[in-house]
Amino acid sequence: MRAELALALALVLPGALAHGDRARGPTLARPDPRAARFAPPVRDPGPAIHDALAHQLDDEAHAIERAIEAAGDKLATAQGARTQRLRAVYRLIHSGQSGPSGQSGQSSQSSPSGQSGPSGQSGPSGSGDDAMMAARVRAAARLLVDRDGGERAAFADEVARLRAARDRVAGEALQLSALALPGELVRPARGKIARSFGTLEHERSKATLSRRGIDIEVEDASPVVAPATGTVRYAGAIRGLDQGIIIDCGTYLAVVAKLGDVTLPVGAPITAGDRIGRAARHRVYLEVRVKLGPGGLPIDPEPLLATAR
């Protein structure tokens with residue numbers, strides 16, 4: 001099991017435009033200003049990515065608020081139960097300081113032979129049983145109070161962790177506006193998108209599942225290249241995804257998986273378009289995440305892929 005997979009994200013920073021040759025004398029042709037009016041618009045996925053990330057953070061913040069409210073209610077209930085239990089224990093211990101009749105031990109006199117008189121009860125034996133019973137009751141009460149205290153501490157710790165998570169999400173929302181968003185990714189393999197990012201219905205169980213990446217339909221053993229420039233952080237088996245690599249691209253991470261054997265060493269620099277292996281079968285998996293939060297926030301890589309097939 002690889003927790004790093006929850007990280008996956010890649011960004012290819014927009015490559016520098018190729019510099020044209022310098023003008024040589026008067027033969028340089030002037031650009032036609034009318035051409036700009038007919039040029040296709042430049043694709044900018046930045047706003048869509050920003051909106052998607054903001055939506056994820058907003059959903060997470062609302063979920064945390066609901067969890068804080070629920071945990072707070074549990075904490076209040078546990079506190080109320082503990083208070084009632086403490087009062088009952090106090091009354092129990094206080095009442096146990098005297099005998100069962102509420103009188104001192106002088107209420108019955110023992111005869112020299114050890115008999116208490118007409119009742120035929122033994123004073124020392126009766127008082128010993130009562131003391132043992134009281135001790136057992138007090139011990140059970142203390143155990144219940146300790147259990148209540150542990151339960152209350154657990155709920156209090158949960159509330160504290162949720163509040164810390166709320167503060168973290170609020171900070172990430174502020175960072176989002178200044179975060180460098182991805183440009184265009186190199187398509188890791190030639191082929192059509194077989195499974196898209198987002199929710200889907202399982203064919204057999206009909207359960208709604210969430211996909212954090214995309215599957216590209218390829219020919220068996222097709223060559224696979226790096227979608228972005230960065231550093232290899234992991235290369236090897238990924239549960240459920242055959243072999244794969246995780247590329248650290250600064251503020252983003254990319255996972256390319258469903259590969260055959262991977263021999264890239266961890267820490268190796270890699271450039272977008274570099275060969276990283278071959279497809280294990282007929283699909284290649286790509287996942288992209290922004291480095292926000294413990295596991296990162298996934299984004300749809302499909303709009304970022306280069307148009308070349």
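It should be emphasised that the depicted structure is a prediction, and the values quoted were computed from it without experimental measurement.
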Looking at Glu151 and Ala78, what are the two nearest heavy atoms and their distance? OE1-CB, 4.2 Å
I'd like to know if Asp157 and Arg161 make a salt bridge, using a cut-off of under 4.0 Å between side-chain N and carboxylate O. yes
Flag, side chain of Thr77 to backbone of Asp73, donor-acceptor distance under 3.5 Å: yes
With rounding to the nearest 0.5 angstrom, report the CD to CD1 distance, Glu69 to Ile64. 14.0 Å
To the nearest 0.5 Å, what is the distance between CZ (Arg195) and OH (Tyr285)? 11.0 Å
If we check side-chain contact (heavy atoms from CB on, under 4.5 Å) with Val284, which of these qualifies: Asp215, Ile214, Val218? Val218
Hey, is CG on Asp261 packed in by over 12 heavy atoms from elsewhere, all under 6.0 Å? no
Tell me which one of Thr231, Leu264, Val225 satisfies side-chain contact (heavy atoms from CB on, under 4.5 Å) with Ile270. Leu264
For the atom pair CG (Leu57) and CZ (Arg168), what is the distance rounded to the nearest 0.5 Å? 8.5 Å
CA sep, side-chain torsions, deciding dist, call: Val232, Ile246, side-chain contact (heavy atoms from CB on, under 4.5 Å): CA-CA 6 Å; Val232 176; Ile246 297 176; over 6 Å; no
Check: Pro298 main-chain N/O paired with Gln56 side-chain donor or acceptor under 3.5 Å: yes
What verdict does the side-chain contact (heavy atoms from CB on, under 4.5 Å) test give for Arg283 and Glu217, after you've listed the backbone C-alpha separation in whole Å, the side-chain angles of each residue and the deciding distance to 0.1 Å? CA-CA 5 Å; Arg283 283 183 179 174; Glu217 193 80 22; 2.9 Å; yes
Could I get the full list of salt bridge (Lys or Arg N to Asp or Glu O under 4.0 Å) partners for Glu65, not counting sequence neighbours? Arg166
Using a 4.5 Å cut-off on heavy atoms from C-beta on, say whether the side chain of Leu304 contacts that of Glu184. no
Backbone of Gly250 reached by a side-chain donor or acceptor of Lys291 within 3.5 Å: yes
Report the C-alpha separation of Arg190 and Ser222 in whole Å, then their side-chain angles, then the decisive distance to 0.1 Å, and conclude whether the side-chain contact (heavy atoms from CB on, under 4.5 Å) test is met. CA-CA 8 Å; Arg190 293 180 178 274; Ser222 291; over 6 Å; no
Has the side chain of Glu172 got a donor or acceptor atom that lies under 3.5 Å from a matching backbone atom of Gly293? yes
Return yes if a side-chain donor-acceptor contact under 3.5 Å exists between Asp51 and His55, otherwise no. no
Would you check if Val262 and Ile276 make a side-chain contact, meaning some heavy-atom pair closer than 4.5 Å? no
Any donor-acceptor pair under 3.5 Å from Arg275 side chain to Gly277 backbone: yes
Looking at side-chain heavy atoms only, is the closest gap between Ile216 and Ile193 below 4.5 Å? yes
For a quick test of reading the model, state the closest non-hydrogen atom pair linking Glu302 to Ser196 and the distance between them. OE1-OG, 3.8 Å
Working to the nearest 0.5 angstrom, can you tell me the gap between Leu185 CG and Leu286 CG? 6.5 Å
Do Asp242 and Arg281 have side chains that get closer than 4.5 Å, going by heavy atoms? yes
Side-chain touch Pro301/Glu287, heavy atoms, less than 4.5 angstrom: no
Can you tell whether the side chains of Arg233 and Asp248 come within less than 4.0 Å, N to carboxylate O? yes
Where do Pro223 and Ala189 come nearest, in terms of heavy atoms and distance? O-CB, 3.9 Å
Are Val159 and Val169 grouped together when hydrophobic residues (ILVMFWY) are joined by side-chain heavy atoms under 4.5 angstrom apart? no
Val256 to Pro227 - nearest heavy-atom pair and separation: CG2-CD, 3.6 Å
Let me confirm one number: the CD1-CG distance from Ile238 to Leu259, rounded to the nearest 0.5 Å. 8.0 Å
Thr229 side chain vs Ala272 backbone, donor-acceptor pair below 3.5 Å: yes
Measuring only between side-chain heavy atoms, which start at C-beta, is Phe155 closer than 4.5 Å to Lys74? yes
Atom pair CG (Leu176) and CG (Leu297), whose distance is rounded to the nearest 0.5 Å: 8.5 Å
